[in-house]
Amino acid sequence: MSSVAIQFLNGLASASTLFLVAAGLSLIFGVTRIVNFAHGALYMLGIYTAYSFIGALGTTAFGFWGGVIAAAISVGVLGAAAEIAILRRLYRAPELLQLLATFALTLVIKDGVLAFWGAEDLLGPRAPGLSGAVEILGSPFPEYDLALIAIGPAVMGALWLLLHRTRWGRLIRAATQDRDMVAALGVNQKWLFTGVFALGAALAGLAGALEIPREPAQLSLDIGAISDAFVVVVVGGMGSIPGAFLAALLIGEIKALCVAAGLSKLTLVVEFVVMAAVLVFRSRGLLGRPWEVSRAEQPEPPLRLPGRAVNIATVLALVALAALPLYTTGYALVLAIDIFVFALFAASLHFIMGPGGMTSFGHAAYLGLGAYAAGLLVKKAGWPMEAALALAPLAAVTGAAVFGWFCVRLSGVYLAMLTLAVAQIVWSLAYQWDALTGGSNGIVGVWPSAWLASRPAFYLLALAVCTGSIALMRRAIFSPFGYALRGGRDSPLRAEAIGIDVRRVQWTAFAGAGAFAGIAGGLYAFSKGSISPDSTLAVSRSVDALVMVLLGGVQALTGPLLGAAAFTWLQDAIARNTDYWRAILGVAILAIVLAFPQGIAGALRARFGAREET
């Protein structure tokens, strides 16, 4: 009984931190409609800045709590500066482009932390006066965790007073309902957005600072924090502070009860199972409301086949690529294979994002399913590489068909979050199923057949498979199916009225995109010789695909190809020359976003008038 009570209290302490992170994210989304990927990095920055402030002020009660408050304020100021310098320029840009900018901010912040504090984990001090434990039902429980349990509701109450008893709070609530009406009443939206972003960032920094006695400051905290924050915000309801508080309690207690029941492995996945269930049965969350998804970009022109110049340039490019092994057999071929694989992966995501209008935050699930299917067939079943590669997309399309049946019933950010939940569930299964997948170590020794063992031979195979797959997707886009898919994206009601089963068309596209991602996964497995959950199924891999599509441009068929080539080459070239490659890559992405808001392909189309649209 005592162990259950202790775990219940642990759940309450964790819920306080979850609420602080999620409340900031929910505020930012509610007013600005930005899905802030940098929020996890701000949480991480809060821990590091608290470590430095406490070290400078001393480990007295004043030094500790003063350091925590100073860390929160510093992170809030940084958030305001980022909003003014970068995000303010993008509010009229497509919403997904804003997401790309926040991802670039994450890269910059992470390398900034690396440069200033180093790569080693930093252990913070205990809170003075709260370093002991109290006995509860015969078991010790940390005094600091009791303080955290009290801090969460206190901050919740302060936020309620701010939002309901101040003019600024009423403006925030009004902006979450109708931003255009608030602007029409003469409110300066720019400074309102800046203030909200600063408050949200400060809450993230406060959450991180409060964790300094409980966990070390480390560079990997950002991904875990943003994943947990997404779960809490979606379960509670996007933009709802009370919903975030309720969801944080729910998630914190469910994870604690899993530990109490001896099912600690479930803590990696249970929150995403909860999120998936909530989205399926109550898509707007526990206390949320439906959001109208606005499209900031201009209406797209009708579908048109590429012009003659584009076709000639494509043929010449393929001939040049096929001749590349005649000039080199070195690292250039390795990089080119990576570009081909990720171009196919990005094109498969674009297939549902561009013509389908369905954003996925978990497309790596199907890359991973294809990779693991190929690896397991070779290593466990003893199949030849050719058969394993041919059947790799079967596993991916099966998973995509099952998951897509639920996903296509949602839209906008809720659809994206459900795909994230699905991907995390698949990742956790691969990470913990040691007997089948090798767990965190993955599968090694997945090599091509003898006739493809040479690098030029596998290069040509990758070029042929990826080119053929991309050509099939392009043909589908310009078929009646593709027109029906785009019609369902642009006007679902009109499409249904003329007899198009929009949901079935979207489901078919979702499954098809999964199949092509599975082909990319199979090629990836044989090109690397190994597979692991983090290399194929992690959230970061899904984000990479999203970045490639957005970087190239969603509205052009060549967008994901150009984006994949640019992102992969930049990442490789910078990473081989500096330890701070993330920051340089982030700055490069920000420069491209600010200079070419329609992506690389959109800029080229505007410059040279290439005739191809989605």
Side-chain angles (χ1 to χ4, degrees), residues 10-11 13-26 35-51 75 102-103 105-107 109-111 113-114 117 119 121-124 148 201 203-235 244 247-248 250-252 254-256 258-259 264-276 361-362 364 417 420-432 440 532-535 537-544 582:
N10 280 331
S14 298
S16 286
T17 302
L18 281 175
F19 165 69
L20 292 176
V21 182
L25 183 64
S26 190
V35 180
N36 182 23
F37 256 109
H39 210 66
L42 295 173
Y43 167 87
M44 176 187 69
L45 189 60
I47 295 185
Y48 277 96
T49 52
Y51 175 87
V75 175
T102 62
F103 169 75
L105 279 175
T106 298
L107 298 178
I109 293 172
K110 191 160 191 170
D111 267 7
V113 169
L114 175 62
W117 284 281
D121 293 356
L122 302 177
L123 296 173
L148 278 183
L203 287 172
L206 177 61
L210 289 171
E211 284 294 294
I212 193 66
R214 304 181 79 210
E215 65 178 330
Q218 52 186 318
L219 292 171
S220 60
L221 290 174
D222 56 340
I223 293 296
I226 191 61
S227 298
D228 290 342
F230 277 153
V231 170
V232 172
V233 168
V234 171
V235 171
L250 178 65
I251 299 299
I254 288 177
K255 294 175 75 172
C258 286
V259 174
S264 57
K265 287 188 174 182
L266 287 180
T267 57
L268 288 176
V269 67
V270 66
E271 59 186 313
F272 295 100
V273 173
V274 172
M275 182 169 78
F361 286 177
M417 291 303 172
L420 173 65
V422 165
Q424 284 299 98
I425 292 170
V426 175
W427 172 85
S428 66
L429 290 174
Y431 191 84
Q432 296 183 89
S440 59
S532 70
D534 289 338
S535 67
L537 289 165
V539 173
S540 57
R541 187 61 75 192
S542 294
V543 173
D544 286 348
R582 295 180 190 86

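In what follows, every heavy atom counts, from backbone to side chain, and hydrogens, waters and symmetry copies are set aside.
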A.B. asks: Between Phe19 and Ala244, which heavy-atom pair has the shortest distance, and what is it?
C.D. replies: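 Taking every non-hydrogen atom into account, CD1-C, 3.9 Å.
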A.B. asks: Please report the shortest heavy-atom distance between Ser532 and Ser440, naming the atom on each side.
C.D. replies: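 Residues Ser532 and Ser440, closest heavy atoms: CB-O, 4.3 Å.
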A.B. asks: For Arg214, what residues pass the salt bridge (Lys or Arg N to Asp or Glu O under 4.0 Å) criterion, not counting sequence neighbours?
C.D. replies: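 Only Asp145, Glu211 meet the salt bridge (Lys or Arg N to Asp or Glu O under 4.0 Å) criterion with Arg214.
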A.B. asks: Does any part of the side chain of Thr106, heavy atoms only, come nearer than 4.5 Å to the side chain of His39, both counted from C-beta?
C.D. replies: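 SC-SC contact between His39 and Thr106 ruled out.
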A.B. asks: Partners of Asp544 by salt bridge (Lys or Arg N to Asp or Glu O under 4.0 Å), sequence neighbours excluded?
C.D. replies: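 Counting only residues at least two positions away or on another chain, Asp544 forms a salt bridge (Lys or Arg N to Asp or Glu O under 4.0 Å) with Arg541.
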A.B. asks: Quickly, which of Val543, Val35, Val539 forms a side chain to side chain contact (heavy atoms under 4.5 Å, CB included) with Phe361? Name it, please.
C.D. replies: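 In the set Val543, Val35, Val539, the residue that makes a side chain to side chain contact (heavy atoms under 4.5 Å, CB included) with Phe361 is Val35.
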A.B. asks: Would you name the heavy atoms of Ala50 and Ala209 that are closest together and state the gap between them?
C.D. replies: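 Result for this residue pair: CB-CB, 3.6 Å.
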A.B. asks: How long is the span from the CG atom in Asp228 to the CZ atom in Phe272, to the nearest 0.5 Å?
C.D. replies: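 So the gap between those two atoms works out to 6.5 Å.
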A.B. asks: For residues 420-430, run the donor-acceptor check on the side chains, cut-off 3.5 Å, and write out each pair with its distance to 0.1 Å, sequence neighbours left out.
C.D. replies:
from: Trp427; atom 1: NE1; to: Asp534; atom 2: OD1; distance (Å): 3.3
from: Ser428; atom 1: OG; to: Gln424; atom 2: O; distance (Å): 3.3
from: Ser428; atom 1: OG; to: Ile425; atom 2: O; distance (Å): 2.8

A.B. asks: State, yes or no, whether a side-chain contact exists between Asp222 and Lys110 at a heavy-atom distance under 4.5 Å.
C.D. replies: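 A side-chain contact exists here, since the closest heavy-atom pair is under 4.5 Å.
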A.B. asks: My understanding is that only one of Ile212, Leu221, Leu219 makes a side chain to side chain contact (heavy atoms under 4.5 Å, CB included) with Tyr48; could you say which?
C.D. replies: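 By the side chain to side chain contact (heavy atoms under 4.5 Å, CB included) criterion, Tyr48 pairs with just one of Ile212, Leu221, Leu219: Leu219.
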A.B. asks: Looking only at heavy atoms, what is the nearest atom pair of Pro216 and Leu123, with distance?
C.D. replies: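 The pair with the smallest heavy-atom distance is CB-CD2, 3.6 Å.
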A.B. asks: Enter the distance from Ser26:OG to Asn36:CG here, rounded to the nearest 0.5 Å.
C.D. replies: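 Reported to 0.5 Å precision, the distance equals 12.0 Å.
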A.B. asks: So do Val231 and Val274 actually touch side chain to side chain, heavy atoms under 4.5 Å?
C.D. replies: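 A side-chain contact under 4.5 Å is absent here.
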A.B. asks: Are Leu42 and Val21 packed together at the side-chain level, in the sense that at least one heavy-atom pair is separated by less than 4.5 angstrom?
C.D. replies: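 Side-chain contact under 4.5 Å: no.
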A.B. asks: Are any of the side-chain heavy atoms of Leu45 and Val113 separated by less than 4.5 Å?
C.D. replies: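 Yes. Closest side-chain heavy atoms under 4.5 Å.
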A.B. asks: For the residue pair Leu107 and Phe103, establish whether any side-chain heavy-atom pair is separated by less than 4.5 Å.
C.D. replies: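 Yes, side chains in contact.
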A.B. asks: When the ring centroid of Phe37 is compared with that of Phe230, is the distance short of 6.0 Å?
C.D. replies: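 Phe37 vs Phe230: aromatic centres under 6.0 Å.
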A.B. asks: With side chains defined as the heavy atoms from C-beta onward, is the minimum distance between Ser227 and Ile223 less than 4.5 Å?
C.D. replies: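 They are in side-chain contact.
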A.B. asks: Could you tell me if Ser14 and Thr17 have a donor-acceptor pair between their side chains, going purely by distance under 3.5 Å?
C.D. replies: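 No donor-acceptor contact under 3.5 Å links the two side chains.
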A.B. asks: Using side-chain heavy atoms (C-beta onward) and a distance below 4.5 Å, is Leu210 in contact with Leu20?
C.D. replies: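 Touching, per the 4.5 Å side-chain cut-off.
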A.B. asks: Closest approach of Ala248 and Ala15, non-hydrogen atoms and distance?
C.D. replies: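 Here Ala248 and Ala15 meet closest at O-CB, 3.3 Å.
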A.B. asks: What's the spacing between Ile109 CD1 and Arg582 CZ if we round to 0.5 Å?
C.D. replies: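 One gets 13.5 Å once the value is rounded to the nearest 0.5 Å.
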A.B. asks: Apply side-chain contact (heavy atoms from CB on, under 4.5 Å) to the pair Met275 and Val232, showing each step before the final yes or no.
C.D. replies: CA-CA 8 Å; Met275 182 169 78; Val232 172; over 6 Å; no
